[in-house]
Amino acid sequence: MVEGDGAVPLCASAELAERGPARVFDLLWRGEPVRGFALRFDGAVVAYVNRCAHVPSELDWVPGEFLDRERRYIVCATHGALYEPGDGRCRAGPCGRGRLTAITVREAGGRVYWYPSADTRPAPSADPGPGSPA
Ligand code: FES
């Protein structure tokens, strides 16, 4: 369900622990079905399209696990690229100066919402309910 301001409910704020597992969700990116992910880093919720800047593969090494062992960088499971959680910039790895595609998110009233853009839209069958996505 999309809110009046275009926000799409994602999850409860409490579901995103500091540097914990991400909430993964379905969306359309440039018309293509993809997954996005949201996690909390340094107190703020950030969200990106789950697609490496190197080659178009998903990043998580275990579903919902995006951070490296030290919980400092988002790491790509395929070739080990490291991304800054705060802005998605690649810090090391074969993608060089690439960057993850950011998704705008907002917290309000104990809930997390994401905002569609010119490139991102809710998946037709998206169920943003409180349970884990498929
Ligand atoms: S696919 Fe992510 S670093 Fe190569």
Side-chain angles (χ1 to χ4, degrees):
M1 183 176 77
V2 176
E3 305 283 307
D5 64 352
V8 182
L10 185 55
C11 64
S13 292
E15 290 182 46
L16 298 179
E18 175 66 28
R19 304 190 188 207
R23 172 70 183 223
V24 178
F25 56 100
D26 295 318
L27 72 154
L28 297 178
W29 179 63
R30 298 178 177 168
E32 178 184 348
V34 297
R35 295 195 305 160
F37 65 96
L39 55 80
R40 188 178 302 280
F41 189 87
D42 287 350
V45 177
V46 295
Y48 298 99
V49 172
N50 187 4
R51 177 174 289 221
C52 188
H54 179 216
V55 295
S57 64
E58 294 195 332
L59 297 156
D60 36 342
W61 47 275
V62 168
E65 291 289 347
F66 291 85
L67 296 178
D68 64 352
R69 197 178 324 240
E70 291 74 32
R71 321 301 288 175
R72 171 61 187 87
Y73 295 105
I74 294 169
V75 61
C76 176
T78 304
H79 304 121
L82 300 177
Y83 296 94
E84 285 285 354
D87 61 12
R89 280 184 304 120
C90 180
R91 292 300 301 258
C95 52
R97 303 170 70 93
R99 180 184 287 254
L100 300 177
T101 300
I103 298 170
T104 301
V105 288
R106 177 176 64 91
E107 285 189 275
R111 304 283 305 171
V112 178
Y113 301 84
W114 72 273
Y115 286 79
S117 68
D119 287 336
T120 57
R121 303 204 178 288
S125 60
D127 177 7
S132 297

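Model, not experiment: these values are computed from the prediction. In what follows, residues are counted from 1 in the order of the sequence shown.
- Taking hydrophobic clusters as Ile, Leu, Val, Met, Phe, Trp and Tyr residues chained together by side-chain heavy-atom distances below 4.5 Å, W114 shares a cluster with W29.
- Under the 6.0 Å distance and 45° angle rule, R19 counts as a cation-pi partner of F41.
- Taking every heavy atom of both residues into account, G6 and P116 meet most closely at O-CD, 3.1 Å.
- Follow the hydrophobic side-chain contacts under 4.5 Å out from L82 and you reach V62 in the same cluster.
- Partners of R89 under the salt bridge (charged side-chain N to carboxylate O under 4.0 Å, His left out) rule, at least two apart in sequence or in another chain, are D87.
- Less than 6.0 angstrom separates the ring centroid of F37 from the ring centroid of F66.
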(message) Run E15 and R23 through salt bridge (Lys or Arg N to Asp or Glu O under 4.0 Å) and show every step you take.
(response) CA-CA 8 Å; E15 290 182 46; R23 172 70 183 223; 3.2 Å; yes

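- The side-chain heavy atoms of E107 and R40, taken from C-beta on, include a pair separated by under 4.5 Å.
- Rounding to the nearest 0.5 angstrom, the gap separating the OG atom in S13 from the CZ atom in R111 is 8.0 Å.
- From I74, atom CD1 reaches atom CG of L39 across 5.5 Å, with rounding to the nearest 0.5 Å.
- Closest approach of A92 and C90 over heavy atoms only: O-SG, 3.4 Å.
- Cluster annotation: L16 is connected to L27 through the hydrophobic network of ILVMFWY side chains, with a link wherever side-chain heavy atoms come within less than 4.5 Å.
- Across Y83 and A53, no two heavy atoms sit closer than the pair OH-N, 3.0 Å.
- Considering every non-hydrogen atom in both L100 and Y48, the closest pair reads CB-CD2, 3.6 Å.
- The minimum heavy-atom distance between Y73 and R91, with the atom names listed, is CE2-CG, 3.8 Å.
- Here the side chains of D26 and V34 are not in contact, with every heavy-atom distance at 4.5 Å or above.
- Contact of the D42 side chain with the E18 side chain is registered, since non-hydrogen atoms from C-beta on lie closer than 4.5 Å.
- Residues F25 and Y113 are members of separate hydrophobic clusters, defined by side-chain heavy-atom contacts under 4.5 angstrom among Ile, Leu, Val, Met, Phe, Trp and Tyr.
- Residues meeting the salt bridge (charged side-chain N to carboxylate O under 4.0 Å, His left out) test with R99, sequence neighbours left out: none.
- In the hydrophobic cluster analysis, where Ile, Leu, Val, Met, Phe, Trp and Tyr join through side-chain heavy atoms closer than 4.5 angstrom, V46 is grouped apart from V75.
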(request) Give the intermediate values and the outcome of side-chain contact (heavy atoms from CB on, under 4.5 Å) for residues T101 and R51. (result) CA-CA 8 Å; T101 300; R51 177 174 289 221; over 6 Å; no

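- Under the 3.5 Å distance criterion, with hydrogens and angles disregarded, a donor-acceptor pair is assigned to the side chains of Y115 and D5.
- Ring geometry for H54 against H79 counts as perpendicular: the plane angle is over 60°, on a 0 to 90° scale with 30° as the lower cut.
- In this structure, D68 CG and C76 SG are separated by 12.5 Å, a value rounded to the nearest 0.5 Å.
- Among all heavy-atom pairs drawn from P122 and V8, the shortest one is CG-CG2, 3.7 Å.
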